[in-house]
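Below is one structure, written out as structure tokens, with a few remarks after it.
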Amino acid sequence: MGTQWGGEIRGHMLSQLIANGLIAGGTYALIALGFSLIYGVCRFFHFAHAAVIVCAGYLVFALSSRLGVPLSLAVVLSIVLSSAMGALLERAIYRPLRAKHASSLMLLVASLGIYVVVQNVISVVFGDDPHALLSGLPTQGISMFGARITFIQVIILIVTLLLYSATGFFIAHTSAGRTIRAVASDSELARIVGIDANRVMLLVFALGSGLAAAAGILISFNVELTPTMGFDALLMGVVAAIVGGIASVPGALLGGFLVGLSQHLGVWKLPSQWQDAIVFVILVLFLVLRPQGILGTPVRSAAV
Amino acid sequence: MEYFLHILVLIGIYTVLAVSLDLLVGQTGLLSIAHAGFYGLGAYTSALLAVRLGASFLISLVAGMAVAALVSLVVSFPSLRLHDDYFVIATFGCQMILFGIFNNWVSFTRGPLGIPAIPQPTIFGWNVRSRISFVLLTALLAVCSYLVVTLLARSPFGRVLRAIREDEVFAQSLGKNTLRFKVTAFAVSAALAASAGVVYAHYTTFIDPSSFTVTESILVISMVIIGGPDSTWGPLIGAAVLVTLPEALRLLGLPGSVAANLRQVFYGVSLVVIMMVRPRGLVGRYGFGR
Amino acid sequence: MATIRCFDLTKRFDGVSALEGVSVELLPSCITAIIGPNGAGKTTLVNILTGFARPDEGHCFLGDCEITHLSPHRIAQLGLARTFQNLRLIQQVSAIDNVRLARPQQRGERLSSALLRFGLAKEELRNTEEAMRQLKFVGLAEKARELAGELSYGEQKLLTLACCLATEAGVIVLDEPVAGVHPEMTLHILSLLSRLRQEGKTVAFIEHDVAAVRRISDLVIVMDHGKVIALGTPQDVLERSDIMEAYLA
């Protein structure tokens, strides 16, 4: 066993870590994108995004494993239902609160409450033990640059990039997307011009929740289902959004990959339990040194 | 009777947690999700000092509070310069890192195994051993925390905090360094939360990371919101209600884990309902601007 | 009492010039009016002056001290107080509590003093006296204990002025002090500004009410599209038809 062998093993490990990091990062990017969209338009921390993430995963599980629905149909249904769930939260809870001039802190507290309810209902119904979304999962895959990537992971990467491009295109090139951007950059002006902010918010919640659902389902396929996975994933997504730039679509992708890579590459040098701590140190570093993220515009603290 | 005294001790500890969080939420209008993290920081700091170095209770109390205050500065300075939303996210991150340290730094904190055999306190010759002594100790701590928070609230310092809560720009235009006030309030609330952790550690004589999770932070937030932000008795009422509630549920004979989840569902529902119907909670003065 | 001097202030938002090479001087014992159509950059100028916005180019001085990049609270501490177009106050506390808040250098605002309370009662007493003095000056003494939110619009404007004065600032900048207020209250506010001028204070205000401007200002600055298009006494500036056309357009 010489350095050559050691070098090869290390090389393989590095590629594997990079591959894992990119795949995880892709899912974080989806979460970051949905979250950014919602924050950009509605200007509050929609904690319950985590509820949508975890719900989507368990919906697929319930539909396919418990009700015998074919898997692909279950996935589609779950995404649709989860988007609807996000829109419902906006319509039934956030909009009435906004109508009563609730502060963003109140909206945050309400979304915290929603998340707690959803996560615990899931715990009661499905138990706290992890579930596998696919039993007898094929672990075959391809080998690329020394890394093993299962077919599932390939699908995750492709789906992530597809959804990303579709959303990016939607935001940049459709009139609905333009409306979203208008409200996000200046809601007062948008209102004056006649844009109905409520409808835009509904749209953004549906869209953002759909992305979150996709991420949740992909994560469930990649790892496993647990009631707290939505929460953990949201955290990564939020850090990704901040690191990449909170109002930036490409920023969310960049941030997602960065967070995924740091999380997984950190394992190389540090014990694996510190994966998450690394990400949060990065968060604090960015808040101190570059709060607008890599691609974001400078943060305005208060409108006067 | 022992059980009743145990409940009183818990109410005392949670009152300290709730009143210290109220300094942040009710007076300054900031939300922190890291309160359990600081609670744990106090518990772990004092437990480690007591078990590894034989430190006395008072020394570990001061140390726990100091460590919490220092850590709070790392969180508050970078984030409060920006926007209050970033502060919430930063406290989130802080909570996760602290829990990560308690749970994963096994060589230092023994991870999930926790720290056993924490000695019970001896304060100036008073050996706190019996449960009723602990009731006295926690009551003393609760009174002191109440005193600190009330003194701050009823001073020009508190006046500025509430001005920041209502209109930070106005406060700045009057020459108030709002960053300093927010950072100070956060540090005080973190130190007080840590003090509760110190007493908790020396009471239960065994701590593990599971007591200091995000769920715990949300529990304390619920106490403040249900009792009502910016109120004299709100934190105590919130603590009393939410400590006795699980016991009431237990009497209904529900299986342990389901009871825990249902409790949480109750917290979650209360948060939403209170925000929609009565933001100032039971006896709060601050209705989040509504 | 101090002089404000600004040189070549420039501020761009998304490619639009909010301010372009603006230079301004505000003198003691002098009331300067800043007028111009909406979007002319008047509030941006005041925001930059008071630290709530940063210019892309240019400098501001309060006396000898450069204040260009200082934070708003620091500038207020140095003696520049302002009011806001959208009337900022703490609505849920009394008028006198708002003014007490404004008092500078309160030892009770420090953590140690708040907890240990040495001399706190005496300091509060002095604060209250000073606050009452300012309320008397603006004519709100009888309403001292009423909640700020329950005062009439005009009374709230008086309250914001009282708060500015309570900070012991030498320079007072008011954003639309008489907008939306009845004629009697307008006269009252203007007379207060005159008295401040007599006391040697540096006073500046943004306004749309041309009559008010004509009545009490010593100097008028006319802005449009981010630039200063005219500067002079009310007689010079307000009689010029080309200026008034641009202004009213």
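These values consider heavy atoms only, across backbone and side chains, with no hydrogens, waters or symmetry-generated copies. Keep in mind it's a predicted model, so treat the numbers as computed, not measured. Chain letters run A, B, ... following the sequence lines, proteins first and then strands; every chain starts at 1.
- Residues in residues 226-239 of chain B take part in these salt bridge (charged side-chain N to carboxylate O under 4.0 Å, His left out) pairs, two or more places apart or across chains: B:R165-B:D230, B:D230-B:R285.
- Heavy-atom proximity under 4.5 angstrom to chain B picks out C:Q92, C:D97, C:N98, C:R100, C:L101, C:A102, C:R103, C:Q106, C:G108, C:E109, C:R110, C:L111, C:A114, C:L115 from residues 91-115 of chain C.
- Dense packing is recorded around NE2 of C:H188, with more than 12 heavy atoms of other residues, nucleotides or ligands lying under 6.0 Å away.
- To the nearest 0.5 angstrom, B:F170 atom CZ is 9.0 Å from C:L87 atom CG.
- Closest heavy-atom contact between C:Q77 and B:G175: NE2-O, 2.8 Å.
- Residues of residues 124-145 of chain C placed with any heavy atom under 4.5 Å of a heavy atom in chain B are listed by number as C:E124, C:N127.
- Contacts between C:L89 and chain B at a heavy-atom distance below 4.5 Å involve backbone atoms as well as side-chain atoms.
- Using a 4.5 Å heavy-atom cutoff, the side chains of C:R88 and B:V169 are in contact.
- Looking at C:T167 and B:S173, their side chains never come closer than 4.5 Å, going by heavy atoms from C-beta outward.
- Ranked by heavy-atom pairs under 4.5 Å with chain C, the first of B:S155, B:A171, B:P156 is B:P156.
- Contacts of residues 176-192 of chain B with chain C at a heavy-atom distance below 4.5 Å involve B:K176, B:N177, B:R180, B:F181, B:T184, B:V188, listed in sequence order.
- For B:W233, the CH2 atom counts as loosely surrounded, since its 6.0 Å shell holds 12 or fewer non-hydrogen atoms of other residues, nucleotides or ligands.
- With hydrogens and angles ignored, the 3.5 Å screen pairs no side-chain donor or acceptor of B:Q172 with any backbone N or O of C:H73.
- In the displayed structure, C:R117 atom CZ is contacted under 6.0 Å by more than 12 heavy atoms of other residues, nucleotides or ligands.
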